[in-house]
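So the structure is just underneath, and the comments pick up after that.
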Amino acid sequence: MSDTLNQLADVLEQRKQADPTGSYVAKLYHKGLDAILKKIGEEATETVMAAKDGNREKIVYETADLWFHCMVLLAYQGLRPDDVMRELERRFGLSGLEEKAGRGD
């Protein structure tokens with residue numbers, strides 16, 4: 001799984017140099033952070049709607065869109081999937097309540 005995410009991260013990084021007229025991701029980068037965040041919000045809403053409908057195929061499809069756009073955000077901010085994986089690994093074995101208490105929320 002992480003191989004696919006890292007390969008995608010490499011492509012997303014390359015798209016930073018691409019022509020916005022020929023690349024969807026380059027166009028998002030060119031539009032800036034607000035455009036990327038808007039897409040994440042749209043995809044999150046579509047994922048929620050798919051889950052409410054209970055259509056497993058659509059849930060997977062919309063989750064893939066959501067993850068993709070989150071990956072665009074990570075790349076835009078100079079981050080990689082490994083950064084998120086390290087955080088998930090750090091949390092592994094902690095209860096959600098322990099993890100939240102550790103943040104001071």
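Everything quoted here is computed from the prediction, not taken from an experiment. What's counted below: heavy atoms across the whole structure, side chains too, no hydrogens, waters or symmetry copies.
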What distance do [X] atom [atom1] and [Y] atom [atom2] have between them, rounded to the nearest 0.5 Å?
X: R90; Y: E87; atom1: CZ; atom2: CD; answer: 4.0 Å
X: K58; Y: D65; atom1: NZ; atom2: CG; answer: 10.5 Å
X: W67; Y: T4; atom1: CH2; atom2: OG1; answer: 10.5 Å

Would you say [Y] ends up clustered with [X] if hydrophobic residues are merged whenever their side chains have heavy atoms under 4.5 Å apart, either directly or through other cluster members?
X: L5; Y: L73; value: yes
X: L33; Y: L66; value: yes
X: F68; Y: V11; value: no
X: L37; Y: Y76; value: yes

- prompt: E46 and E43: side chain to side chain contact (heavy atoms under 4.5 Å, CB included), yes or no, with the steps?
  reply: CA-CA 5 Å; E46 290 172 4; E43 298 304 341; 3.0 Å; yes

query: Ion pair present between R86 and E89, side-chain N to carboxylate O less than 4.0 angstrom?
result: no

message: Apply salt bridge (charged side-chain N to carboxylate O under 4.0 Å, His left out) to residues R80 and D10 and explain how you reach the verdict.
response: CA-CA 9 Å; R80 296 204 38 109; D10 291 341; 3.0 Å; yes

message: Quick check against the 3.5 Å criterion: does D53 have a side-chain atom that pairs as donor or acceptor with the backbone of N55?
response: no

- prompt: Are any side-chain N or O atoms of T63 and backbone N or O atoms of I59, one a donor and one an acceptor, separated by less than 3.5 Å?
  reply: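 Pair found, side chain donor or acceptor close to backbone of I59.
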
Residues that E62 engages under side-chain hydrogen bond (donor to acceptor under 3.5 Å, both in side chains), provided they are two or more places apart: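 So E62 forms no side-chain hydrogen bond (donor to acceptor under 3.5 Å, both in side chains) with any residue.
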
query: Above 12 or not: heavy atoms from other molecules or residues under 6.0 Å from NZ of K16?
result: yes

message: Is it the case that atom CG in D34 sees more than 12 heavy atoms from other parts of the structure closer than 6.0 Å?
response: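 Incorrect, the count does not exceed 12.
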
Minimum heavy-atom separation for [X] to [Y], with atom names?
X: M71; Y: P81; answer: CE-CG, 3.5 Å
X: A26; Y: A18; answer: CB-O, 3.6 Å
X: E13; Y: A75; answer: OE1-O, 4.3 Å

- prompt: In chain order, what residues pass the side chain to side chain contact (heavy atoms under 4.5 Å, CB included) check against V84, with sequence neighbours excluded?
  reply: L74, L88

- request: Using a 4.5 Å cut-off on heavy atoms from C-beta on, say whether the side chain of Y29 contacts that of L12.
  value: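 A side-chain contact under 4.5 Å exists here.
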
- request: Using the six-membered ring wherever Trp is involved, compare the ring planes of Y24 and H69 and label them parallel, tilted or perpendicular (cut-offs 30° and 60°).
  value: perpendicular

task: Tell me, please, which residues at least two apart from R15 pass salt bridge (charged side-chain N to carboxylate O under 4.0 Å, His left out).
output: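 Per chain and number, R15 pairs via salt bridge (charged side-chain N to carboxylate O under 4.0 Å, His left out) with no residue.
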
